[in-house]
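What follows is one structure encoded as structure tokens, with my remarks underneath.
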Amino acid sequence: MIRFENVGLRYGIGPEILRNVSFHIEPQSFYFISGPSGAGKSSLLNLMFLSMRPTRGLVSCFGKDMSTLSRSELAHMRRKIGVVFQDFRLLDHLTIYENVSLPLRVRGFPEHTYRQDVIELMQWVDLGDHMHVYPNVLSGGEKQRTAIARAVIGQPDLLLADEPTGNVDPELAARLLRLFVELNKMGTSIVIATHDHELMNQFRAPRLMLEDGEVYLFKQ
Amino acid sequence: MVNRPPHEEHEAPFDEREYQRGRPRPQDRPHDRQARGVEADRRYVNDGQYLNQGYYEEVGQDEFGAAEVEIGVTPPEALDGSGYLRPEFVQGTEYQQHHEESVGVLTAGEVPPNQMVEEAPAQVVGAITTFGNQEKPVVDAPNKLSPIIPRGTIIGKSILFIIIAMCFLASLSIVSLLLVQSSVDGWTADIGKQATVQIIPSLERDVDADVATALEIIRATNGVAQAEALSKNETGKLLEPWIGDGIIGKDADNNDISILDELPIPALIAIEFAPDQEVNLNLLDISLKAAIPGISVDDHKKWLSHLSSIGSILKISAFAVLFLVIGITISIIVFATDAALNSNKSSIEILFLVGAEESFITKEVRYHFLWLGLKAGAIGAIICIGFILLIGLLINIIYAAQFDNLAAARILFGQITLSPYQYLYLLLVPIFATIIAGVTVHLSAKRIINRMH
């Protein structure tokens, strides 16, 4: 699904943030990415989400070399990947319903074709009574669930989540994990970047550990 | 744990639409089939009367001492076909036992719709997919979607005002062009079909006889509709603006007396040509000169060429103003697009991240500016029409007060009124404003988005 081969990344003329990173995310797999703060977790996720290009090495996504993709192909590739950002990145001027339906809207689907799906998904994440609410009045957990709903509404093949439990209490974190596990069972590959060991201990999944810019794989 | 009243209608988590979209049904997937084979220590997360949500089971502990769970879906034999578990399948299971202990068994009718039911602790009975209680009232989705990029952040009131002003100036330039053209046409039409013959008086010749001869020759010429000699009074009136009043008066016997009698004033013959016939003025000139020495024919071509030059200069000026206004409008739209996209940079980044193509974002921004162009163009044109009507009215009042011959004053000095079909030209303003705004913002947005990449 996503393959990294000897990937290196540096910002400007600074030192390499990531060095010789090689791994393969298989379809329907579940991975944690872990490591100390500043180890490059977010950079790695950015590379996986195709929002950055590596300074060296090969990143192939769904069988295609990322460096050869046109902008249009890149947009279509991103539609196969859902992302839950650490800071949620919701659009404050849109309601929760509109935020969740955004990935389908940008694909040009008429609203009536996805309306029921969005409503069901919002009920599923217990935001059915928040359709008209704007993100700035939501709690951290509600924003997180909105971000997750937005990431999965397009039925992505891969879901990337950056610290998805960073803003929530342990009980909600456990529930979010169950949500990801459920999505994984439905066929979506999940990659969660976190430094929350409690969370990782709740579910047996391989861990990509980042240390000094290099990635080590720990199979559970 | 969610308690869903059994009488409420709902859809199963995996319905036919999911299947049609290409996502395999749970029971079709290999890992789910594998999961169905595990029978030991299974806890169902819902009972027979409630929505099926899958199960998890503890299969051991990992090296950190945490419970290791396998999560799967309910086997198909436990389902009643509508997303609920069969009651007999739940009877006697660990789940039912727990459920009875914690919240009691709910039967049909006990839980009214939309009533909250206390949630069971998630760590004991794992509701895999649900958060809280799904019996909360579900609000209808909004009927109308908000613009993805808010209009207020793209088009401020100042931009609207400036574009309206530009459209007003453009409308005014078009009106100026039309008025200049109308005036030049009026002058050309009136003067072009007239000529004047002038006979210089001399002591050797009888002016009246020369006038009669000239009239004879002129009237015999093809294409002349009318030829009349101007009387002394008429000639006097023409000279009044230069010489002053009192040229013509009455004597004690009430006879017309004129100082023109004592001056060598040329005799004038006014010729009007037939509208559909060409007159050979050269031939007329030669014939007249042969018969009467000192006669001259003035076809007003000199006047016409002067007026045409003035008209052309005015038209060029109006075009220059129009192009200047278009140029300024384009610059304003480019700056406004730049500002709009930069102020919405984070929103645009999010749109890219959720899979938007450049054309989608360009379309979103273009939509706002097309409206801006149409609105500003229409408002500018309407203000211009009002302005022209007002000025036309004022000019008519001034002409009426200043000139006896209103029609002649209108021809000579022009008039600020448009014919109904000329007003249609102002429809071009909103149309062109929309096109210019659309094309400019499209090209500008593409350039800026390229820069963002």
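Source: prediction; values computed, not measured. Convention: sequence-line order gives letters A, B, ...; per-chain numbering from 1. Both backbone and side-chain heavy atoms feed into the values below; hydrogens, waters and symmetry mates do not.
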Partner set under side-chain contact (heavy atoms from CB on, under 4.5 Å) for Ser60(A), not counting sequence neighbours: Arg3(A)

Region of Arg105(A) that comes under 4.5 Å of a non-hydrogen atom in chain B: both

Glu73(A) atom CD, neighbour heavy-atom count above 12 within 6.0 Å: yes

Residue part contacting chain B, namely of His197(A), when any heavy atom lies under 4.5 Å: neither

Choice from Ser346(B), Pro147(B), Ser359(B) maximising heavy atom contacts with chain A below 4.5 Å: Pro147(B)

Beyond-backbone contact of Val106(A) with Ile361(B), side-chain heavy atoms, under 4.5 angstrom: no

Contacts of Asp87(A) that satisfy side-chain contact (heavy atoms from CB on, under 4.5 Å) - sequence neighbours left out: Phe85(A), Arg89(A)

NZ (Lys375(B)) with more than 12 external heavy atoms under 6.0 Å: no

Ser72(A) portion near chain B, given a 4.5 angstrom heavy-atom threshold: both

Close side-chain approach of Ile350(B) to Leu91(A), heavy-atom, < 4.5 Å: yes

Contact check, side chains of Phe360(B) and Arg107(A), non-hydrogen atoms, under 4.5 Å: no

Test item: Arg78(A) and Val354(B) side chains (from C-beta on) under 4.5 Å apart, heavy atoms: no

Within-4.5 Å side-chain heavy-atom neighbours: His93(A) and Ser347(B): yes

Chi angles and distances behind the side chain to side chain contact (heavy atoms under 4.5 Å, CB included) call for Arg71(A), Asn450(B): CA-CA 10 Å; Arg71(A) 279 183 202 161; Asn450(B) 273 345; 2.3 Å; yes

Donor-acceptor contact below 3.5 Å, side chain Glu98(A) vs main chain Ser146(B): yes

CD (Glu349(B)) with more than 12 external heavy atoms under 6.0 Å: yes

Least distance between heavy atoms, Ala356(B) atom then Ala75(A) atom: O-CB, 3.7 Å

